Novice: 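Below: one structure in structure tokens.
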Amino acid sequence: MKAYLMSWLLMSTLPCFGHPLTRVHTPIDTLALVRQGAKRTIQGTVADSASRHPIPYATLRLVDTQLQRDLSGFIADEQGRFMVEVVPGTACRIDVSCVGFVPKSLSVNPSSADRPTVLSIALKALPNTIEEVSVRASKPIVEEQLDRLVYHADRDNTAQGNLATDLMRKVPMVTVLPDGGLSVRGATNVKILVNGRSSVLSNNPAELLRQIPAESIKTVEVITSPSAKYDAEGSTLINIVTKKNLTEGVNATLNWGVGSTGSNAASTVSFNYKKLSLSSGLTGNWFYNPFAADADVYQKHGTNWQRVISQQASGKMGIQVVNANAGVEYRLSPKNRLLIGLNHRIRRITTDRDAQFSTGTGETTLPDGHYHSLIQSKTNDWNAEYTHTFKQAQQELTLSWTGGITRNQTLTVPALPTQTDIQSQNNEQVFQADYQHPIRRNWLVETGVRLTVRHITNSLSDSVTDHRLTTLGYNQQIAAGYWSSQWDMKNKWSLRTGIRLEHTTNQITQLADQRDQQYTNLFPNALIQKRLKNARSIKLAYSLRIQRPPAQLLNPAVATTDPISRYAGSPLLQPEQIQTAELTYSTYVKTNSFVVSMFVRRTAQPISPYNTLTGYTLVTQYVNLSSQTDVGFNLYASVKAWQRWQTIVQANSYYASLTGGTSLGNLTSRGINYSVGILSTCELSKTWALQLYGGYNSSRVRLQGRDAAFTYYQLSVRKNLPQQRGSIALGIDNPLQRRAAWVSYNETDTFAYRSTAYQYNRGIRLTIIYRIGKSGPRQESAKSRERRQSDLKEDQ
């Protein structure tokens, strides 16, 4: 076992692959108007004035004395140590309290220099108090901030052993679809960022989330109203912030998981010494699951429906994903930082099925047979970033370059009437410069430029032509510039406005045909928030966004999964234009919180699947509809029955109206979509925790029918290892349901298609996390932390 551990650990330190050490964004309060790099640190200890012994878990509150509002609430650790960040020049005070001690307040003026303000706070014990007091406190798992809802995965004691896909089921407003993709408020045009950066896989959430262990995630930020600083693609941004170990020396984390439907193994190694930080990781995931499916195709003859063909199939699916990464960060000086990261990913999906076919009269129309498909992809991506902070607080310049290449191959054997081999490649480069400048202490202006270059190619070969035929060449350039203003006004008002200009040029080549597209878009956004009494707030936001067709929808080559189902993309798809307005109210009562939002979303030229029948084969293509309007609400509530038990309930519902337009026969479709979910966590003791979560998603309205409804639920228990060296967790998925049926129904005036896929989703999973060195929840020594803060201004 020891030899295996060391082999896996050494493999994870491969220097040729990488993932960057990146900035973690956790704003102090709903202001969230400055980057963390522009703030200064206040740190120190709380101790007994008589014995000088540290006071564990003391409660502290940071207050802006000029605006008379709370900036942050936090708790000291078991050694009485604390740390908080604040904008330089803020007139503030710290209120300290603890059971059995006299409360104390002291004024603090953080230094404008790049070094922390260190405090030693002594509390006087109250007379006639008990000698020993046990104080227990916890922070909320979900937090509402100015422009985003933040799910703190690091506070979820059972968020381990799974992948990011499983963790997303717990995030408010987010729905994980059966294929692993995401939707927010019913919209699937979701863009994933990792530590604030996009990648070549950002528009493919299903693939990206399979490569991130849940245990490595610190927070998940759902940004429903992005500022102009962000790329305008995607109706919603989801930013995954990963954990970062800044403890000096060498540290490692090993993670194993084995289950009835999947297994995983991961390792991370970090090395920190003075101004240099190195990291590397290796992750492997293996999924295996049997499946069964049936499908029926009907044609309309007069007023009667006649079944054309039926298919019954069963088989198995396997998915293997390997991800290797490495990164280096070097702080050239207190005001200059350089970061470089590399990633390498390999994915392989195999499907084997045995299928039988018959007509409505029981006649055999196609020979029964065995069908095999293979999808494999390789992705290399990289990023480099240079950051310079100026003498003036909050003034900062960032230059970055990110890029990536993904190569895909889809092979089907046999794909009647021929064997088909489709290959594609997506090459993407992004160059960006961002500059922020403070007009005043509470008024920050940001501006920047961005250039995105994409090159997509697809080619097809089959057993008839026996040669490779290039079917698509797609070149895209997006030049963008933005301006954004963030202002915290008096009387607890906050205002953020911005505008982004993007010009897109597409060059599309299909065989001997070539077409050019050009369009310019202006994207405004605005958000205003009013902070009310008793930690309540209300905000109103508006944004205009765009969704360009992703690479997987541009491929015109026909991909055949079985003889009665085919898929073909279209390089002539137009981008979606998405306007969203939302009103959000949030309130907190002691340890309970409540957030409700209402939204209206209007999408012009939405991209949607459209089915046609050719013989007995259903052909699915993606087309632009005329419009889609969604009106709905989101509800989130967190309730603590007592200190150790927290329950979170969320509900989402919206009314969708789709219009196909004249090219699609003026088809319309309307209906209500909804989902409900619950997450309940109970800490049985200091080392044991129990969690139950689950939910239900209704069928989703489409232009020609509805997608399948589905449910999910999981029970998990976790035991901490001694000395905080790791943990062991056991999870059970859907124990009362051997398999789930995913039913989809499509109907037109001339034909109907009904399919049912049975997924065997009952499973059990055992995971082990073990930490080597000083990794984990332990904190740095005060001396080490003070030295690091002198040249590093980032989240700890």
Side-chain angles (χ1 to χ4, degrees), residues 1-2 4-5 8-9 56-57 75 77-79 134-141 151-167 169-170 212-219 243 245 247 251-268 283-285 640-648 678-694 712-736 762-779:
M1 175 62 72
K2 182 178 296 184
Y4 171 76
L5 294 180
W8 184 264
L9 190 61
Y57 308 116
I75 297 172
D77 65 8
E78 67 276 6
Q79 299 298 323
S134 178
V135 179
R136 186 178 183 85
S138 61
K139 297 180 180 181
I141 293 180
Y151 172 80
H152 293 271
D154 57 343
R155 301 175 189 173
D156 182 353
N157 293 327
T158 56
Q160 68 170 52
N162 303 331
L163 298 178
T165 305
D166 303 290
L167 185 66
R169 292 190 173 96
K170 306 178 183 181
I212 304 177
E215 202 275 337
S216 68
I217 298 176
K218 180 179 180 180
T219 61
K243 296 177 182 177
N245 194 329
T247 306
N251 304 279
T253 300
L254 305 179
N255 186 336
W256 298 274
V258 60
S260 58
T261 60
S263 300
N264 65 277
S267 66
T268 60
T283 303
N285 299 285
K640 274 198 170 182
W642 57 78
Q643 187 65 36
R644 294 176 180 265
W645 183 19
Q646 182 179 29
T647 300
I648 294 174
I678 186 171
L679 167 66
S680 187
T681 304
C682 182
E683 296 184 15
L684 305 176
S685 67
K686 292 183 178 180
T687 59
W688 286 93
L690 183 69
Q691 185 177 86
L692 171 67
Y693 79 91
Y712 60 90
Y713 52 97
Q714 183 195 73
L715 177 66
S716 57
V717 61
R718 183 223 65 216
K719 174 70 168 68
N720 285 339
L721 297 179
Q723 300 179 353
Q724 299 182 356
R725 283 296 180 184
S727 58
I728 301 176
L730 179 66
I732 303 176
D733 300 322
N734 308 291
L736 304 179
R762 177 191 291 172
I764 185 170
R765 178 174 53 252
L766 175 68
T767 61
I768 301 175
I769 296 176
Y770 188 75
R771 302 181 179 96
I772 301 174
K774 300 178 181 179
S775 59
R778 294 186 180 185
Q779 299 190 15

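What you are looking at is a predicted structure, and each value in this text was computed from that prediction instead of being measured.
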Novice: Could you tell me whether a side-chain N or O of R765 sits under 3.5 Å from a main-chain N or O of V258, the two making a donor and an acceptor?
Specialist: no
Novice: Has the side chain of T283 got a donor or acceptor atom that lies under 3.5 Å from a matching backbone atom of A266?
Specialist: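 Here the side-chain-to-backbone pair does not exist.
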Novice: Supply the atom-to-atom distance L167 CG to I212 CD1, rounded to the nearest 0.5 angstrom.
Specialist: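 Atom-to-atom, L167:CG and I212:CD1 are 10.0 Å apart.
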Novice: Go through it in stages, so that I can follow the logic: the residues are R771 and E215, the test is salt bridge (charged side-chain N to carboxylate O under 4.0 Å, His left out), and I'd like the CA-CA distance, side-chain angles, deciding distance and then a yes or no.
Specialist: CA-CA 12 Å; R771 302 181 179 96; E215 202 275 337; 3.3 Å; yes
Novice: Which atoms form the tightest heavy-atom contact between T261 and G763, and what is the distance?
Specialist: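 For T261 versus G763, the nearest heavy atoms are CG2-CA, 4.5 Å.
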Novice: Please answer whether the main-chain N or O of G284 pairs with a side-chain N or O of N264 as donor and acceptor at a distance below 3.5 Å.
Specialist: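 Checked: no pair found.
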Novice: Just by distance, do the side chain of Y770 and the backbone of L721 share a donor-acceptor pair under 3.5 Å?
Specialist: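 Checking the backbone N and O of L721 against the side chain of Y770, no donor-acceptor pair under 3.5 Å is found.
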Novice: May I ask you to say whether K243 pairs ionically with D154, meaning some side-chain N is under 4.0 Å from a carboxylate O?
Specialist: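 Not counted as a salt bridge, because no side-chain N and carboxylate O are separated by less than 4.0 Å.
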Novice: Drop me the distance from Q714's CD to N734's CG, to the nearest 0.5 angstrom.
Specialist: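 CG of N734 is found 8.5 Å from CD of Q714.
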Novice: For the CG atom of L766 and the OG atom of S260, what is their distance to the nearest 0.5 Å?
Specialist: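 Between atom CG of L766 and atom OG of S260 there are 11.5 Å.
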Novice: Using 0.5 Å steps for rounding, measure from the CZ atom of R644 to the OG1 atom of T681.
Specialist: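 Spacing of CZ (R644) from OG1 (T681) equals 13.5 Å.
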Novice: Give, for atom CG of L690 and atom OG of S716, the distance between the pair rounded to the nearest 0.5 Å.
Specialist: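 It comes to 7.0 Å.
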Novice: Please find the pair of heavy atoms, one from Y712 and one from R169, that lie closest to each other, and give the distance.
Specialist: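 Result for this residue pair: OH-O, 3.6 Å.
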Novice: List the steps and the verdict of side chain to side chain contact (heavy atoms under 4.5 Å, CB included) for L679 and Q691.
Specialist: CA-CA 7 Å; L679 167 66; Q691 185 177 86; 3.3 Å; yes
Novice: Nearest 0.5 Å, what's the OG1-CG distance between T268 and L254?
Specialist: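 So the OG1 of T268 and the CG of L254 are separated by 7.5 Å.
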Novice: Which is it for L736 and Y713 under the side chain to side chain contact (heavy atoms under 4.5 Å, CB included) test, yes or no, and what are the steps along the way?
Specialist: CA-CA 10 Å; L736 304 179; Y713 52 97; 3.2 Å; yes
Novice: Kindly indicate, with the supporting measurements, whether the criterion side chain to side chain contact (heavy atoms under 4.5 Å, CB included) is fulfilled by T767 and W256.
Specialist: CA-CA 5 Å; T767 61; W256 298 274; over 6 Å; no
